[in-house]
Each structure stands twice: as structure tokens, then as C-alpha cells.
Amino acid sequence: MSVEVEKAKKEDNVLVATLAAMKQAVELTDLSPEVYEHLKTPMRFVEVAVPVEMEDGSTKVFTGYRCQHNNVFGPYKGGLRYHPDVTTDSIKALSMWMTLKCSLVGVPFGGGKGAIACDSQTLTVKERERMTRSYVRALGSILGPETDIPAPDVFTDAQVMAWIADEYSSNMRGPSFGVVTGKPLAVGGCVGRNEATGRGVFFVAREAAQAFKIPFEKARIAIQGFGNVGSNAAKLFADSGCSIVAVSDVSGGIYNENGLDVCKLIEHVEETGFVKDFPESQDITNQELIAMDCDILVPAALENQITGSNAADVKAKIVVEGANGPTTPDADQILKDKDVLVVPDILANSGGVTVSYFEWVQNNYGFRWDLATVNRRLEEKMSDAFKTVYNYYCEKCVDSDMRTGAYMYSIKRLAEAMKYRGWINGSLERNN
Ligand code: NAD
């Protein structure tokens, strides 16, 4: 194990961990060190002031970011996050995961990510709108349907995307809705995009259960995070007969040995905002959820949730990473030692960017697909991606973990494209 991976294990810094994992993957695939040189630094990182007129008439200046990591395959693509705890390192790591994700599932996008450091739930709708528009103006020409295309992420949604599309279109003096994906249907959105990440999580979980010979229709599942990804995945799991024994959100967790009624829980969250106080359930903590006795654990909230201090408690046989970066490197090692399969984020949650790609394609040629077509194409893409990456991992690096296999597979594809584009001068292979 490399010094970098050892160092990343001691810190919960997602950028340090991602750089270490990418470097290790370049070495394990015997690729030229030039490949890592290209991947270690984003092609562009901007920090902007985002002034907003607040309801009380004052002006508040938020800090906004956009990271454009790598565009060897196509326009930068990645979500926009509104969260008080965003850091420049976390945004860079998130953009790198997008590059790896797009390469892994074969969609012709690069990796990007954006954020505004704010507690968005304390803002009024008007303040959120002004903040979003101000951010688009601050970024100027770096966004665009052929250059950089944001999408929803934590605490942003279709409405935020519509504001971005409108502000960008005003600046372009004409409609140009392909600048964002995850839009409402009325302004060029794609049917099924809202549920796509959760649906993709469901497809890869089903494939993983099959690979591990776990009867999927009887699987017991625990889900951390009950937002877009967690709740949509939960509904599909429940519709397939799986038992959702526990879920949690920022308010804490709930548990029912016999399975929670997911449709009623979604209604409860729509009414109250949180999972807590759901009838026919027992309160648990987020830590108890991670340690839940179940077959499949789906972290679908934030980074660094399964760590060196709680990974040993995980009882699930499979972890499917709905969230980006929920497992730290030292937790990966502990889970590997316990024979827990971790389906990595860059594969497990790639359903979102896949249907974002479908949306962008439809915007480009001005035609709409129906829901059955979107879902069928998503299912094919996710199932194929799981099988390809799982087989590659079993063949090339079963002594390591599936994340390493996914990074190796993805980086090989990136390296090939970089070589063809002339970004790598010497041999693509490492010279011994
Ligand atoms: P969301 O805002 O819709 O939901 C987030 C959920 O996590 C909420 O239920 C929130 O209460 C919960 N949460 C927040 N902090 C928590 C904590 N400390 N402990 C437990 N729960 C907590 O966000 P989302 O779009 O569902 O995104 C969730 C994760 O999935 C993020 O890592 C995001 O980057 C990733 N992701 C999202 C998409 C997408 O299409 N939305 C695509 C790929 C990856």
C-alpha cells in the first residue's frame, strides 16, 4: 500500500484520499505517471463573490465555487451544492469523482462540481433565487451547454436548475436550456431524471445481490439519507419486495424490524420535513443505522459517514454508495477485511449523470423520449456498468477492493483519450 494511501487513512480529507486512490490506480494499471499529473490538478477552479439582496434590504455576500476538473471526454458536468460545510478540497474531490464516473459509465462528459457555502434552508425562496442568479452572473461565460453543465446536488433541485437556465438564457439573449440538467419538464427536463440516481442505486444493488447470491426480494435494507437519492431508491426497493428496516436523515433515524411503509414515510417527510416521529417505528441514531443488522446498507447522505471508528460495526454484506464519498479509506480496508462488498460511488450513483446525459441529448436534438425508454436505457447502462466493473475487479484486483477496480478501469479509459488527444507525449505505459 502506498504512502499516500496510508496518509489518506489517517485523515478524513476526501481530496487527499481521492488523489491517493487515483495515484494508486495509475500505478496498478502500469500507466505513465503523466496520467496522474493530468488528473491531480483541476483544469480550472474558480471562487466568486455572490452578492444577494436579502429580504430585510441588506446585502449578504456568499462565496461560490466551480471546479472544472477534466474535459477530455466532453463538457464538464457536475452538481451544484448549497451547504454551509463545503470546502475547496471537497469540491475538488467531488469534481474528480465526476470525471471518473463519466469515464466509468461511458458518457461523453468531463468532471465538474459547484457549490455555494450557505445554509440554504434558512433562505427564503426569493433569496435562493437571487443567490442562484447572482452565482450564474458571477461565473460568466465558463458555464454553457458545450462547456460546463451543472445539475442538482445536495439542497439544490429542479427549481434551482430552472433559475440557472433562465439567467443563462437571458445573458445569451435566447433560450439555451441545455446549460443545466435536472430541469423541470416544462423547461426541457427529462422524464425520470429526478428519480434516476435512486433508480441507478437500485439497479446496481440488485446486481450486487445477485453476484453475492443474496435473494434480493427478501433483502433487508438500511438507508442513510432520505432525500432525492435515498427516498427514490427506498421506494424501488420496497416495490421489489425488499424490506426497508431503517432509514435516517439529518434529524436522526427510525427502525422497524418488519419493514417501514415507504409510501407512508414519503408522505410523512413531505408533511413534516423529516423522518423522525414516523408512526410504527422506533428511534435510532445515525450510528445505529450504520451498524444495522441488514443485507444491504445504502449511505445516501454526505461524505465520511462510514469511517475507521464505525466500519467494524457494519453488519451488512453489501454497501452501495448512493452518496459521494461516504466511506473513508481506512473504513474501506476494514470492510474489505470483513468481506463486505462496497459498490463504489462512482459506479453506484452514476444513474444521475447518465440520465442527465439523456436530457442533454434530448435538448440538443429537440425531441423527447418517454419514461419507458429513459428507464430501459438507464437499466441497461447501470447493469452493464456493474457487470463490467465487477468482472474487471474480480479479474485484476480481487485482493484490493471494488473501488480500486473501478478507479483502474475508469482511469485506463481516460488515459487512452488523453493519449489520443495529444495530452500525453511519451508512452502511455509506465517505462520500467
Ligand atoms: P438531498 O439534499 O435530496 O438529501 C440529502 C439527505 O441526507 C437528506 O435526507 C438529509 O436530511 C440527509 N442528511 C444530511 N446530513 C445528514 C447527516 N449528517 N446524517 C444523516 N443524514 C443526513 O441530497 P441528494 O441529492 O439525495 O444527495 C445525497 C448524496 O447523493 C450526496 O452525496 C450527493 O452528492 C449524492 N448524489 C446525488 C445525486 C442526485 O442526482 N441528486 C447524484 C449523484 C450523487
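First listed ligand is number 1; within each ligand, the first listed atom is number 1.
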Atom pair NZ/OG of K276 and S281 - distance to nearest 0.5 Å: 12.5 Å
Rounded distance (nearest 0.5 Å) linking atom OG1 of T147 with atom CD of Q68: 7.0 Å
So is Q305 polar-close to ligand 1, meaning N/O to N/O under 3.5 Å? no
In this structure, atom 21 (N) of ligand 1 is nearest to the protein heavy atom D249 C, 3.3 Å
Which segment of A300 sits under 4.0 Å of ligand 1 when only heavy atoms are counted: backbone
For atom 2 (O) of ligand 1, which of the options Y82, F155, W97 provides the nearest non-hydrogen atom? F155
Exactly one of R130, E129, M131, K60 clears side-chain contact (heavy atoms from CB on, under 4.5 Å) with L123, and that residue is M131
Within-4.5 Å side-chain heavy-atom neighbours: V298 and F237: yes
A student comparing N194, V269, V250, V247 should find that the heavy atom closest to atom 10 (C) of ligand 1 comes from V250
pair I254-Q282: side-chain heavy atoms closer than 4.5 Å: no
What protein heavy atom sits nearest atom 24 (P) of ligand 1, and how far off is it? V229 CG2, 3.9 Å
Taking C-beta and beyond as the side chain, do P326 and Q224 meet within less than 4.5 Å on heavy atoms? no
List ligand 1 atoms under 4.0 Å from G322, heavy atoms only on the residue side. 30 (O), 35 (C), 44 (C)
So for ligand 1, is N228 a polar contact partner (N or O within less than 3.5 Å, distance only)? yes
Please identify which atoms of ligand 1 are closer than 4.0 Å to at least one heavy atom of D153. 33 (C), 34 (O)
Would you check the N or O atoms of P152, main chain and side chain alike, for any that come under 3.5 Å of an N or O of ligand 1? no
Starting from atom 8 (C) of ligand 1, which protein heavy atom do you reach first, and at what distance in Å? G227 N, 3.9 Å
Can you find an N/O atom of F226 closer than 3.5 Å to an N/O atom of ligand 1? yes
W360 and F109 aromatic ring geometry - parallel, tilted or perpendicular at 30°/60° bounds: perpendicular
How far is atom 44 (C) of ligand 1 from its nearest protein heavy atom, and which residue and atom name does that atom have? N324 ND2, 3.4 Å
Taking non-hydrogen atoms only, is T197 closer than 4.0 angstrom to ligand 1 via side chain, backbone, both or neither? side chain
Which atoms form the tightest heavy-atom contact between D261 and F278, and what is the distance? O-CZ, 3.8 Å
Any chance the side chains of D166 and S169 put a donor and an acceptor closer than 3.5 Å? no
Using atom types as modelled and distance alone, determine if a side-chain donor or acceptor of S95 lies under 3.5 Å from a backbone N or O of G112. no
Polar contact flag for K101 and ligand 1 (N/O pairs, less than 3.5 Å): no
Backbone or side-chain N or O of N349 under 3.5 Å from ligand 1 N or O: no
A301: numbered ligand 1 atoms lying under 4.0 Å from its heavy atoms: 7 (O), 13 (N), 21 (N), 22 (C), 28 (C), 29 (C), 31 (C), 32 (O)
K92 atom NZ, over 12 foreign heavy atoms within 6.0 Å: yes
May I ask whether E303 has any heavy atom positioned less than 4.0 angstrom from an atom of ligand 1? no
Assess the residue pair D89 and T87 against the criterion (side-chain hydrogen bond (donor to acceptor under 3.5 Å, both in side chains)); give the C-alpha distance rounded to whole Å, side-chain angles, the decisive distance to 0.1 Å, and a yes or no. CA-CA 5 Å; D89 278 1; T87 63; 5.8 Å; no
Protein residue, atom and distance nearest to atom 15 (N) of ligand 1, heavy-atom basis: L302 CD1, 3.5 Å
Before signing off on this row, confirm whether V154 and ligand 1 have an N or O atom pair separated by under 3.5 Å. no
Which ligand 1 atoms, with their elements, are less than 4.0 angstrom from a heavy-atom of N286? 19 (N), 20 (C)
Report yes if the side chains of V275 and L265 come closer than 4.5 Å at any heavy-atom pair, otherwise no. yes
Does R193 come within less than 4.0 angstrom of ligand 1, counting non-hydrogen atoms of the residue? yes
If we only count N/O pairs under 3.5 Å, is K113 in contact with ligand 1? no
Can you name the atoms of ligand 1, numbered from 1 with element, that are less than 4.0 Å from a heavy atom of R81? 31 (C), 32 (O), 33 (C), 34 (O)
Test salt bridge (Lys or Arg N to Asp or Glu O under 4.0 Å) applied to D332 and R403, step by step: CA-CA 9 Å; D332 265 337; R403 187 182 319 281; 2.8 Å; yes
